[in-house]
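Read the structure below first, then the notes.
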Amino acid sequence: MIAFAAAVFTVCIAGAAPCRSLGTGVHPVHKTLTEVEYVADRGVLEVAFWLWPPDLEAELSARAGKRVDLDREQKAKTLDGLLKTWIREVFVVKRTDGKACSHKWVGKELTLDGCWLYFEVDVGKRDSEVELENKALLRIAESPIHTTTFVRGKKRSIRNLTRDAARWKLALREAPDEEKPDRKE
Amino acid sequence: MIQRFVSTAVRLSCLASALFPALAATLSESVYAQDREGAVGAKPFEDRFRQLEEILPTPNAYRTASGAPGHGYWQQKVDYDIAVELDDSKQTLHGRERIRYANRSPDTLRYLWLQLEGNLFTPGSDQKTTATFDEAGKDMQFSRMRQLLAARDFDGGFKIDHVTSGGRDLDYTIVKTMMRVDLPSDAPLGPGASCEFDVEWHYKINQHKYVPGRSGAEFFENDGNWIYEVAHWFPRLCAYTDTNGWQHKQFLGRGEFTLEFGDYDVRITVPEDHVVAATGQLRNPDDVLRPVWRERLARARVSSDPVFIVTPDEAKANQSSRTDRKATWIFHADNVRDFSWASSRKFIWDAQGHHSAACAGDGIVLAMSYWPIEGEPLWSRYSTRAVVHTLESYGKFAFDYPYPVAISVNGPVGGMEYPMICFNGPRPEADGTYSARTKYGLISVVIHEVGHNWFPMIVNSDERQWTWMDEGLNTFVQYLAEKEWEDKYPSWTGEPRQITDYMASALQVPIMTNSESILQFGPNAYFKPATALNILRETILGRELFDFAFREYARRWRFSRPMPADFFRTMEDASGIDLDWFWRGWFYSTDHVDIALSDVREYAIDRGDPDARASIAKNDRAKNEATVSAERNKELPKKVERVPQLADFYNRFDDLDPTVKDRERFEKFVASLDEDERKLLATEGHFYVLDFDNEGGLVMPILLRMHHADGTHAWLRMPAEIWRKSPRHVKKLIYSEQEIVRFVVDPMGETADVDESDNEWPRRRAVSRFRLFKDAKEKNPMQEANEAAKKARASGATGADDGAAPKDSGGDR
């Protein structure tokens, strides 16, 4: 443990996974893409979450304290467990009372172009809004960008969540004077 | 023709349609109400097609208005004689160089500026002191912590021992990563004159794991050996140009290098058992190569497959040897802007000849790779073949490769380019297996870094100022080369749909931004320009025009120094297409593409026939919903029905019926037309008025696919100039002989439209990616029932026959 003024850093081994992939070589781009759709009649958010495989490996490695290789974990059938735990930690949705909503894992797709994770978040039907926070890639990157699309009925808005602005209040019901969502937020 | 309809006799009436909701407007009104934002309004008119002359530098004798080097174009020439020795025990370099500087500018120079990029590693360098800290939660990687401490302790940077000329010391001043050498006050360097001076220096090579950079050394604990990848290792001249004078903007680690062409003679002294790869041709193979290696090298020149020069077994044996003896490898390179090299006793080495018409001598380029045993078997399978592929592909899209060697080296650096040689990082697992990602990662990085020989090693752009001019152009040609490697090559950039999330994001600066100020470096300087050029090629200009213009740019600026305006102007000059709007939108703004098809109305020709008009009017009336009162009043007993004599002409008269006078007027009108006009009047078909909104701001062509009722379709590709008088909203009248049932804007994803949900009419409910995945994964009810029955039977329950799996379900037999 290394003390640094009043703060405390935990040293982890994200760097153990070598950078060896498409698109993240010399000038890495750390980003996620998320499509979130609110299904009002079921009270859930349906989420499709994308990121680069090397970023996911580095994140899982940092969390596990050992090098995680997606291919090997997939063969060992331990990958889903790692992913479920990780996504619960980094993709947090809270109700107005501050309680975190539960996740339901749906599945994943791993391709050369990226990893798609699919899950539902049970937000219920009671609250008129919930708060989404995306903490992915903060262990491995200084300035990750999370491009997030929120769809509610016919309304669709896009926002970039960053380290400094990692949260977004999602309106689950239309406010009487709701503004047209701004595409470039 | 349509205009004549409107302005003379014919009007189009909006049809009520189940498919296309009707509006009350007539065509003659809507066509002339074209611009609802541009013509009138509070905001000033945005001219997206305003010419770029006000932004681009004024053409002159050095650079023409057509984008070519002018009749007075000049650039300096700098030749180097260098002797350097590597101390493998201390990881240090000691070098001496003689620099010959030829002043071809029209200016007199009293001092020369040299680059000392290695000073990036000195304690207190600008790179370190200006680095900011983004609070990383509570996690800090070991690697980051290690680097933080190592950077503090590492005594890197150039130690200048002497700067002399003709035995006299020259005054010099080190300014961070730059050094000014003052010429004797009585001997300034006039136009056309040359001078020589010597520099002696030494420095410690950074261990890349702890002090990463664009070069460095890697230590292998299991065998005690090092791989050295050595770059920007000697004091070298800054560029002096017609556009910027001395380009001595400090090196902060991101904006790369701006250099002069020249000839190099370099003597590299290393331990005798090392193998050295370098820019240029080896001049003393008899001194440093075993006879069998020389024999294999000769065979490789004419081989169509890679040939091992140093085999894996030889490299294994070599890496366990140690010697105190030294050997000096001598290289010569003509007309290069830099010199780099690599050295190790771990290297496996292979080579393959490639014919290039531009290569001097026998026209054979040696494509070669050097890697340690840790790179096997991936490297022997793909590296040199990827080098050859790059030479073939870039030769086609730019120009033939002119240098005698093209080298890919595996070591600590992930991917970095220098003339004739580049460093590439991907390696397989320790057990020799590798994932598809690693495989394609290696092929892509080799193509990219070897491709840099064209941009910027030969088309010598100013990297410190404009990253996109080399990275963007190179990433674009890399994409083309990857597509020629195999079907479905997993390229990570190039396709317009891959850039939309970045284009829609807020954390952006224009492509035309200095390298050090760029936000989101990869998307800005690599992916966006590469995608823009791909769109220019596929959608704006077409392949034939684009390829001609792009080749012309490369040809014009081969071994010269282009600036952005030279690229923009050449592409227009050679293609014959005004592209100022494109450069303005894609390179000078952060607007994005988002074209919405916001409304569609169908119209029919109103020929003025009173009976036809009456029929349409009655149809419309019949479709009008009755009010509640009217509906209920229908049942009321009516006075006129009880007392028929109250009904007269007006009770039978329908005010929509044409009168005799109406019919006479129409007959007279038809009689007044000539034959041609009567044919026009008889035109059958469908007229549609489409509304397009430009929601992203970036003007682009509107690519419209129109689907007919019979299943066929037609295209209408409207150039970007459709927006020239109304950049935010346009209407378009479309005539079709067949009924159109669906319109789709940009169905093939050509323009990087960030929101395709509003590209169709009628609107389609977009199915989310989540839903597609889940639907594909979910079982149908019959499958679920069968599974339940199977489970029940397996557990010995008796309920399987009472509903869980109906006997007629057809499953589980």
Side-chain angles (χ1 to χ4, degrees), chain A residues 2 4 7-16 18-29 31 33 35 37 46-48 50 52-54 58 62 69-71 106-107 109 111-113 116 118-120 135 138-143 145 147 151 156 158-160 162-164 183-185, chain B residues 132-146 214 254 413-416 425-427 429 434-438 440-442 444-445 448 471 490-493 501-502 504-507 519-523 525-527 592 594 695-696 754-755 757 766 768-771 773-774 777:
Chain A
I2 300 165
F4 187 78
V8 175
F9 291 114
T10 305
V11 179
C12 58
I13 64 156
C19 180
R20 55 185 175 81
S21 66
L22 304 178
T24 58
V26 184
H27 303 293
V29 181
K31 65 177 185 180
L33 305 176
E35 298 172 8
E37 180 160 12
E46 294 181 338
V47 185
W50 178 96
W52 289 110
D69 180 302
L70 294 179
D71 296 334
V106 173
E109 287 177 295
T111 70
L112 283 172
D113 298 333
W116 280 101
Y118 302 95
F119 54 96
E120 292 179 346
K135 298 189 276 191
L138 292 182
R139 286 189 173 98
I140 63 159
E142 290 184 350
S143 310
I145 293 179
T147 302
V151 177
R156 171 188 164 92
I158 302 174
R159 186 174 288 194
N160 283 300
T162 60
R163 185 183 289 277
D164 296 330
R183 190 179 312 285
K184 290 176 73 171
E185 293 176 278
Chain B
T132 55
F133 179 67
D134 289 310
E135 194 164 0
K138 291 192 174 179
D139 290 341
M140 178 176 276
Q141 298 168 20
F142 271 133
S143 57
R144 194 174 169 198
M145 195 71 207
R146 195 186 290 133
R214 288 179 161 76
R254 184 175 266 182
V413 179
M416 190 58 208
R427 279 181 195 152
E429 304 294 336
Y434 52 84
S435 66
R437 278 190 287 125
T438 305
Y440 290 110
L442 173 65
S444 285
V445 76
H448 183 89
E471 297 296 358
S491 299
W492 39 272
T493 188
D501 59 298
Y502 169 72
S505 73
L507 281 174
L519 303 175
Q520 299 197 63
F521 198 71
Y526 290 63
F527 309 158
H592 60 270
D594 184 4
E695 297 181 353
V754 305
D755 181 5
S757 68
S768 70
R769 188 172 180 103
F770 178 96
R771 190 43 49 197
F773 177 81
K774 197 173 179 189
K777 199 183 163 205

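Fair warning: this is a prediction, and the values are worked out from it, not measured in the lab. So you know, we letter chains A, B, ... as the sequences are listed, proteins then strands, and number each from 1.
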Structural part of A:K135 lying under 4.5 Å from a heavy atom of chain B: neither
Engaged part of B:T493 at the chain A interface, taking heavy atoms whose separation is under 4.5 Å: neither
Closest non-hydrogen atom pair between B:D755 and B:D594, with its separation: O-OD1, 3.6 Å
Contacting moiety of A:E46, where chain B heavy atoms sit under 4.5 Å: both
Minimal non-hydrogen separation, A:N160 against B:A504, with atom names: ND2-O, 4.4 Å
Aromatic ring pairing A:Y118/B:F773, orientation class (parallel under 30°, perpendicular over 60°, tilted between): parallel
Heavy-atom contact with chain B under 4.5 Å, split by part of A:T111: neither
Ring geometry between B:H448 and B:Y526 (parallel below 30°, tilted from 30 to 60°, perpendicular above 60°): parallel
